[in-house]
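Heads up, the thing below is written out as structure tokens.
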Number of protein chains: 2
Amino acid sequence: MSLAHVLLGLLGRAPASGWDLGSRLTGDPALGWNAELAQIYPALQRLLRGGFVALRRRRSPKGPPRREYRITAAGRREFREWLDEPLEIPKPHAAALARLAFLEKRSPEARLAALKLYRVLLSEELTHTPPGTTAARRRRRMLLETELRWADAEIAASLSGRTLSPEER
Amino acid sequence: MSLAHVLLGLLGRAPASGWDLGSRLTGDPALGWNAELAQIYPALQRLLRGGFVALRRRRSPKGPPRREYRITAAGRREFREWLDEPLEIPKPHAAALARLAFLEKRSPEARLAALKLYRVLLSEELTHTPPGTTAARRRRRMLLETELRWADAEIAASLSGRTLSPEER
DNA sequence: CGGCAGTATATAAATGTTTATATACTACGA
DNA sequence: TCGTAGTATATAAACATTTATATACTGCCG
């Protein structure tokens, strides 16, 4: 169960509320994990019952009282055990990738349009991704830059393919 | 529901059994999707009931009779609609990535060992990844090559950090 | 004052995915 | 002949994730 361990990892950096953890997860794609609040709140309750985190209630300047969690010694132990499990090459699992995998099923025009759109998305993402301060962030940035070069190469290939198409010869 | 659409996409290339589809999914990480057979068989039954695929039973040279599916016109229509949905930048979601994201929490020795292991895994994966014949496969290969360069850079940084550590100064 | 936006927590229902288990057919080697 | 490996299908149970919905508190704008 990785979500609980990722939450422990984040709480190891600083105490946080469920809301904070949700923001950090969705705000940092380099973490390699994401979750809805509806999943985070029950996960924190389980961690609390298990003694892996401790709770402190604090009133919030805005909104209802916050429930801030900090990691316990047992939590750190549990996190380290998870961290020690063997690494693997992650197998991607995303609808957007599956769509890219079937690019060849589209008409040359639609393919080109999709590639150009994807390129725009990539460069936007890159502007929101500051040069990395951690290994995982540096990795993420390098991968985005590579994807950008890939998209450019595919766009070029798509254009030269178009030039060679029957109507244009 | 992406699994059903990915299956339709694969069946659009050639008719196949559930077993075949399972092998193709796990055999081609560039597809960006993976699933267990226990998920594939019910999905095919739903596609069949919906009229998106048609079934032909064939006896197998080895093992029990195969149930081979081919895509129907309705299936192609459904697939194209899914393919036309807007692209996004995929947010990675994998335990291995989450572990990499907490590399800094490990001791310099453990960090270095993890990076070296990951490097080995990457180069193995690359040898099993022939130069791409589709856009998605070319993308996958470029990303693996970039990850390899990232791992080398992090290993180098880790080593120079070690050189500067108190005991060695 | 009323509604909206942002912060904050929470639960139920629906959906998707993995793990465990069972069955069946063939070929091959011990 | 018996076990094992590979091919092939299938279901139940457990687990994970998303979507929908509800509540509450604050400040701001109209």
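Keep in mind that this is a model prediction, so the values were computed, not measured. Below, chain A is the first sequence line, B the second, and so on; all start at residue 1.
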> Would R138(B) count as a cation-pi partner of W150(A), with NZ or CZ less than 6.0 Å from the six-membered ring centre and within 45° of the ring normal?
Replying inline: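 So R138(B) doesn't make the cation-pi contact.
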Kindly say if [X] contacts the phosphate of [N], meaning a side-chain N or O under 4.0 Å from OP1 or OP2.
{"X": "Q45(B)", "N": "dT9(D)", "answer": "no"}
{"X": "H93(B)", "N": "dA16(D)", "answer": "no"}
{"X": "Q39(A)", "N": "dA16(D)", "answer": "no"}

Nearest listed nucleotide, side chain of [X], among [options]:
{"X": "R67(A)", "options": "dT9(C), dT11(D), dA20(D)", "result": "dT9(C)"}
{"X": "S17(B)", "options": "dT9(C), dA12(C), dT9(D)", "result": "dT9(D)"}
{"X": "K62(A)", "options": "dG16(C), dG27(D), dT11(D)", "result": "dG27(D)"}
{"X": "W19(A)", "options": "dT17(C), dT7(C), dA10(C)", "result": "dT7(C)"}
{"X": "L3(B)", "options": "dA8(D), dT17(C), dT18(C)", "result": "dT17(C)"}
{"X": "Y41(B)", "options": "dG16(C), dT9(D), dA20(C)", "result": "dT9(D)"}

> Got R137(B) and D28(B) here, is their nearest side-chain heavy-atom distance under 4.5 Å?
Replying inline: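 Sidechains of D28(B) and R137(B): in contact.
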> Do the non-hydrogen side-chain atoms of L47(B) and Y69(B) ever get within less than 4.5 Å of each other?
Replying inline: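 They are not in contact (no side-chain heavy atoms under 4.5 Å apart), so the answer is no.
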>> Looking at R141(B) and E145(B), is there a salt bridge between them, counting it only when a charged N and a carboxylate O are closer than 4.0 Å?
In response: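 Salt bridge: yes.
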Could you tell me how far apart [X] ([atom1]) and [N] ([atom2]) are, to the nearest whole angstrom?
{"X": "R59(A)", "N": "dT9(C)", "atom1": "CZ", "atom2": "C1'", "result": "18 Å"}
{"X": "R46(B)", "N": "dA14(C)", "atom1": "CZ", "atom2": "C1'", "result": "13 Å"}
{"X": "L25(A)", "N": "dA16(D)", "atom1": "CG", "atom2": "P", "result": "16 Å"}
{"X": "R24(B)", "N": "dT7(D)", "atom1": "CZ", "atom2": "C1'", "result": "15 Å"}
{"X": "M1(B)", "N": "dT19(D)", "atom1": "CE", "atom2": "P", "result": "14 Å"}
{"X": "R58(B)", "N": "dT9(D)", "atom1": "CZ", "atom2": "P", "result": "12 Å"}
{"X": "I40(A)", "N": "dT7(C)", "atom1": "CD1", "atom2": "C1'", "result": "15 Å"}
{"X": "L37(A)", "N": "dG6(C)", "atom1": "CG", "atom2": "C1'", "result": "13 Å"}

> If each of S2(A) and P64(A) is mapped to the nucleotide of DNA chain D with the nearest heavy atom, which maps nearer the 5' terminus, i.e. the 5' end?
Replying inline: S2(A)
>> By nearest heavy atom, map G18(B) and P65(A) onto DNA chain D; which one lands nearer the 5' end?
In response: G18(B)
> Are D20(A) and S17(A) close enough that a side-chain donor and a side-chain acceptor fall under 3.5 Å?
Replying inline: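 The criterion, which ignores hydrogens and geometry beyond distance, is satisfied for S17(A) and D20(A).
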